[in-house]
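Just so you know, these numbers come straight off a predicted model, no measurement behind them.
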Amino acid sequence: MKHFNIVTLPGDGIGPEVTSAAVRILESVCGKYDVSLEISEHKIGGVSYETFGTPITEEALEDCKKSDGVLLGAVGGPKWDTLDKDLRPEAALLRLRKELGVYANLRPVFVHKVLRSASSLKEHVLEGVNILIVRELTGGIYFGRPRYTQEEDGITFSVDTLRYSVPEIERVAHKAFEAAAKRSSKICSVDKANVLESSRLWRKTVNRVAGDYPEITLEHMLVDNCAMQLVRHPKQFDVILTGNLFGDILSDEAAMLTGSIGMLPSASLGDGIGLYEPVHGSAPDIAGQNIANPLAAIASVALMCRYSLGLEEAAEEIESAISEFLAAGYRTADIFSQQNKNETLLGTRETGERIHEILHQKQEPTLKD
């Protein structure tokens, strides 16, 4: 029997609700594959600040570093917006990513056929959309120094620094090319090389890395054009490689291709422990109401099975169960249409229960030596 240590960080807002549903599915599918889990939970974000005076404790960080995988819910909310930057919930997330060394954020954007009508785009535009966004996660403007606010000649101004080094670009580029080799062998690298010096280095470095992958087709696109193309003709993209800031924005835009940001999972990978989280935020306005969509969190544990636990069949089972759930007409509030009589509205807990039932309706796997 395999054994894995998993750390969960439910966080703020709807984080605890969607994390609970995802953990249930992870435990369920691992049980089918004779895998035991030891799951520990820590506070992060606003709830950690309220309890400990810090958005993440040293104990939580150490447990994450010793784990086989980390599942994060969501952090943040208006309640903590006035805190100093080092005490805000988001500071915990940035520190966690940096200390785990998860420099490549993989965000798959898959449009289920039955959800095309849930998007604001025309259905024929969404046909066949299946994108993987690879976002550099521990560099760029979110981590660059100096950063400060000060006053000069009676005028207050702020400075943020966009900095990238060749090694930072190289390592995330290799992750993207490796991913493309398992897909359609096509990468679009997104930058702002017509204006930014850092983007010119990005493009030069990606071109050099591409020499190690002659079978991969590489193209470059400016970020403003990419933002337009994602809604104009999203099917043209397979793997999108980009920096931290651009990836943050473009992946949220791409989430709406799926009908809801509640559908988008992510895997943050480096050379060690993986961090898995739904892309959506904490949504404090709907917290505790049993209406949040847990499918992104559930899909995130499928990515954990694939990338950290080495359980590809389990990952495929979870993804298949999500597809079956949607094909049967089950919907959460964010993707539900009152006009469609074939849809059934379910809450957060009920969605998790139904995915669990679908998983156990499938034939038990044959265990391999």
Spacing of [X] atom [atom1] and [Y] atom [atom2] [to the nearest 0.5 Å]:
X: Met256; Y: Ser120; atom1: CE; atom2: OG; result: 6.0 Å
X: Ser323; Y: His112; atom1: OG; atom2: NE2; result: 4.5 Å
X: Thr242; Y: Met221; atom1: OG1; atom2: CE; result: 11.5 Å
X: Ile355; Y: Leu295; atom1: CD1; atom2: CG; result: 5.5 Å
X: Arg24; Y: Leu359; atom1: CZ; atom2: CG; result: 10.0 Å
X: Leu311; Y: Arg306; atom1: CG; atom2: CZ; result: 11.0 Å

Say whether [X] and [Y] are linked into one hydrophobic cluster, either directly or through other cluster members, by side-chain heavy-atom distances under 4.5 angstrom.
X: Phe246; Y: Met228; result: no
X: Phe177; Y: Tyr307; result: yes
X: Val190; Y: Val172; result: yes
X: Val23; Y: Ile14; result: no
X: Val206; Y: Leu245; result: yes

Indicate yes or no for a side-chain donor-acceptor contact from [X] to the backbone of [Y] under 3.5 Å, with no hydrogens or angles considered.
X: Thr258; Y: Ala255; answer: yes
X: Ser300; Y: Ala296; answer: yes
X: Glu343; Y: Asn340; answer: no
X: Asp12; Y: Gly45; answer: no
X: Ser199; Y: Leu196; answer: no
X: Lys175; Y: Leu269; answer: no
X: Thr348; Y: Asn293; answer: no
X: Asn244; Y: Gly139; answer: yes
X: Thr344; Y: Tyr330; answer: no
X: Thr51; Y: Val47; answer: yes

Side-chain heavy atoms of [X] within contact of [Y], under 4.5 Å:
X: Leu201; Y: Val166; answer: yes
X: Glu41; Y: Pro10; answer: yes
X: Tyr213; Y: Leu218; answer: no
X: Asp238; Y: Ile187; answer: no
X: Glu17; Y: Gln289; answer: no
X: Ser40; Y: Asn5; answer: no
X: Leu303; Y: Pro108; answer: yes
X: Asn130; Y: Val111; answer: no

Exercise. Please walk me through it: do His220 and Asn207 pass side chain to side chain donor-acceptor pair (under 3.5 Å)?
Worked result: CA-CA 9 Å; His220 298 278; Asn207 279 333; 2.7 Å; yes
Query - Derivation of the side chain to side chain donor-acceptor pair (under 3.5 Å) call for Ser165 and Glu168 - result: CA-CA 5 Å; Ser165 67; Glu168 287 176 316; 3.2 Å; yes
Please name the pair of heavy atoms, one in [X] and one in [Y], separated by the smallest distance, quoted to 0.1 Å.
X: Pro146; Y: Thr161; result: O-OG1, 2.6 Å
X: Arg354; Y: Glu357; result: NH1-OE1, 2.7 Å
X: Ile240; Y: Cys226; result: CD1-SG, 4.3 Å
X: Leu257; Y: Ser119; result: O-CB, 3.7 Å
X: Ser117; Y: Glu123; result: CB-OE2, 3.5 Å
X: Tyr276; Y: Ala267; result: CE2-CB, 3.4 Å

Tell me whether the guanidinium CZ or amine NZ of Arg331 lies under 6.0 angstrom from the six-membered ring centre of Phe336 and within 45° of its axis.
no
ask   = Taking the six-membered ring of Phe143, is NZ or CZ of Lys98 closer than 6.0 Å to its centre and within 45° of its axis?
value = yes
Report the hydrophobic cluster partners of [X], with the cluster defined as I, L, V, M, F, W, Y residues connected by side-chain heavy atoms closer than 4.5 angstrom, directly or transitively.
X: Ile56; result: Val7, Leu9, Ile44, Leu61, Val70, Leu72, Val75, Leu93, Leu96, Leu100, Val102, Leu137, Ile273, Leu275
X: Phe110; result: none
X: Met1; result: none
X: Phe157; result: Tyr148, Val159

Pair [X] + [Y], salt bridge at N-O below 4.0 Å:
X: Lys186; Y: Glu219; result: no
X: Asp34; Y: Lys2; result: no
X: Arg200; Y: Asp191; result: no
X: Glu170; Y: Arg208; result: yes
X: Arg95; Y: Glu99; result: yes

Fill in: More than 12 heavy atoms from other groups under 6.0 Å of CD on Gln338
no
Checklist entry - Any chance CZ of Phe4 has more than 12 other-residue heavy atoms, nucleotides or ligands included, within less than 6.0 Å? => result yes
By salt bridge (charged side-chain N to carboxylate O under 4.0 Å, His left out), Glu127 pairs with (sequence neighbours left out) none
Could you tell me if [Y] and [X] have a donor-acceptor pair between their side chains, going purely by distance under 3.5 Å?
X: Arg107; Y: Ser266; value: no
X: Asn105; Y: Ser268; value: yes
X: Tyr103; Y: Asp271; value: yes

Q: Take Tyr142 and Glu90 through the test side chain to side chain donor-acceptor pair (under 3.5 Å) and record every step on the way to the result.
A: CA-CA 11 Å; Tyr142 292 170; Glu90 296 79 9; over 6 Å; no
Q) Is the Trp80-Tyr49 ring centre distance short of 6.0 angstrom? A) no
May I have the step-by-step check of side chain to side chain donor-acceptor pair (under 3.5 Å) for Arg97 and Thr138, ending in yes or no?
CA-CA 7 Å; Arg97 290 169 175 171; Thr138 56; over 6 Å; no
Contacts of His42 meeting ring pair (Phe, Tyr, Trp, His ring centres under 6.0 Å) (sequence neighbours excluded), chain-then-number -> none
